[in-house]
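Below, chains carry the letters A, B, ... as their sequence lines are ordered, and counting in each starts from 1.
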Amino acid sequence: MHAPSTLSAKQIQHLRHTIMQWQTQHGRHDLPWQQSPSAYSVHVSEIMLQQTQVSTVIPYFERWMQRFPSLDALASASEDDVMAQWQGLGYYSRARNLRKAAAHVIAEHGGEYPDCLQALQAIPGVGRYTAGAIRSFALQQYGPIVDGNVKRLYARLFGIDGEPNSSAFNRTLWQLAEQLTPHNASHIYSQGVLDLGATVCTKSQPKCSECPVQSECVAHATGRIEQLPNPKKKREKPFRVGHFSWHQPNQHIHLVKRSSPGIWGGLWCLPELPDAPKDAELAGEFIHQFTHYTLHAKVWRASTPQHLSVKDDNSVGYLATQLFDLNQLDQTGLPTPIKQFIQDRIALKRHT
DNA sequence: AATCCGTGGGT
DNA sequence: TACCCAAGGAT
């Protein structure tokens with residue numbers, strides 16, 4: 001892998017200054033989580049922003065801070081309440097971990113977030129990136145960060161020609177972040193690299209003419225902007241069939257709570273069956289695209305509740321089970337396609 | 001190290 | 001349309 005040699009002190013100073021000045025003048029300052037940030041609000045926003053675009057997160061963040069305005073409010077909430085608030089955001093282990101994290105900070109740190117990176121990373125769901133982000137944005141202390149934006153920016157700026165997500169590639173990026181991040185006003189630099197990656201050094205059609213570090217950019221100088229960072233190897237997406245049961249006695253729907261870890265863990269869902277039931281009537285079916293596989297869901301009518309459900313390890317077991325009023329589903333965390341299916345069917349029935 | 005974990009925006 | 005991938009972390 002082609003990696004840059006160690007940066008000179010002069011290079012570091014120049015890049016820091018240029019990026020920080022650009023952030024002050026052209027960076028983002030109006031995002032909801034940038035207004036009077038606390039360790040808690042920064043923590044919440046950073047977890048929500050993992051693998052999720054800013055525009056998607058904003059309404060969830062606003063609702064979350066209304067519903068769980070403090071660490072104590074979150075820690076004392078039920079898992080079902082938390083999952084219902086997270087409904088639709090995906091990667092639901094983030095929500096389960098966020099609730100655990102609130103209890104962790106209260107139990108281990110008396111309700112005050114720790115300020116060292118090591119202790120921050122011991123919080124459930126907080127890794128190297130999020131720990132650095134909390135240090136930078138909430139505590140305004142030295143907190144290097146490497147995320148997708150930073151990887152793209154550094155890969156182009158320094159001409160890093162490595163296998164994406166390989167350990168060598170990641171090690172190089174983190175070394176650069178540690179060198180470049182200043183110990184004073186770390187939050188401005190960190191926000192600067194995020195904003196630069198998100199608004200200028202974009203994945204496609206980057207705005208190099210607006211870039212403050214264009215003249216230092218290896219990829220721009222060598223005409224490799226479109227090649228860097230190198231594309232990830234794509235894998236074949238498998239196709240899976242899932243069988244679900246539909247039991248709907250008098251305006252109620254029978255749901256089971258899915259186990260975690262596992263897909264849709266912690267959410268309420270139509271009971272998943274190990275196989276297609278014999279002599280059952282098909283209530284409906286749908287296709288759902290996950291990142292790793294395509295799900296063909298078949299939903300079968302059941303005259304009796306199906307307490308048995310397929311667990312994550314493919315075994316069959318008894319899970320928590322409950323009848324939900326069809327008008328109550330808005331306050332319940334269901335997988336998005338399942339909720340969609342149920343609501344479509346209810347709407348359909350009303351018209352026939 | 002490789003795989004799993006959701007959903008939706010952008011092109 | 002189909003594909004990439006987004007303020008990553010856990011196992």
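Using a 4.0 Å heavy-atom cutoff across all strands shown, A/Arg28 reaches at least one base atom of the nucleic acid. Within the nucleic acid shown, A/Val57 has no heavy atom closer than 4.0 Å to any nucleic acid atom. No contact: A/Ser166 has no heavy atom under 4.0 Å from any strand. As judged by a 4.0 angstrom heavy-atom cut-off over every strand, A/Gly197 is placed among residues making no nucleic acid contact.
For B/dC5, the OP1/OP2 oxygens have no side-chain nitrogen or oxygen of A/Trp86 closer than 4.0 Å. Taking 4.0 angstrom as the limit, A/Arg235 places a side-chain polar atom (N or O) nearer than this to OP1 or OP2 of B/dC4. For the pair A/Tyr92 and B/dT7, the criterion of a side-chain N or O lying under 4.0 Å from OP1 or OP2 is met. Listed pair A/Thr336 / B/dT7 meets the phosphate criterion, a side-chain N or O lying under 4.0 Å from OP1 or OP2. The side chain of A/Gln53 contributes no N or O atom lying less than 4.0 Å from OP1 or OP2 of B/dG8.
Under the 30°/60° scheme for interplanar angles, the aromatic rings of A/Phe244 and A/Trp264 are found to be tilted.
Applying the 3.5 Å distance criterion, the base of B/dT7 shares no donor-acceptor pair with the side chain of A/Thr52. The base of B/dG9 is not paired with the side chain of A/Ser55 by any donor and acceptor separated by under 3.5 Å.
Between A/Arg156 and A/Val218 the shortest side-chain heavy-atom distance does not fall below 4.5 Å.
Annotation: cation-pi geometry not satisfied between A/Arg258 and A/Trp268 (NZ/CZ under 6.0 angstrom from ring centroid, within 45° of ring axis).
Set against C/dC4, B/dT7, B/dC5, the side chain of A/His292 has B/dC5 as its closest nucleotide. Ranking C/dC5, B/dG6, C/dG9 by closeness to the A/Lys232 side chain, first place goes to C/dC5.
Rounding to whole angstrom units, CD of residue A/Gln50 and C1' of B/dT7 are separated by 15 Å. Separating the CZ atom of A/Arg152 from the C1' atom of C/dC5 is a distance of 9 Å, rounded to the nearest angstrom.
Taking the P atoms as reference points, B/dG6 lies 22 Å from C/dC3, given to the whole Å. Taking atom P in both C/dA7 and B/dC4, the straight-line distance is 24 Å, to the nearest Å.
When atom types are taken as modelled, the side chain of A/Gln35 and the backbone of A/His29 share a donor-acceptor pair closer than 3.5 angstrom. Checked by atom type and distance alone, the side chain of A/Asn230 pairs as donor or acceptor with a backbone atom of A/Gly162 at under 3.5 Å.
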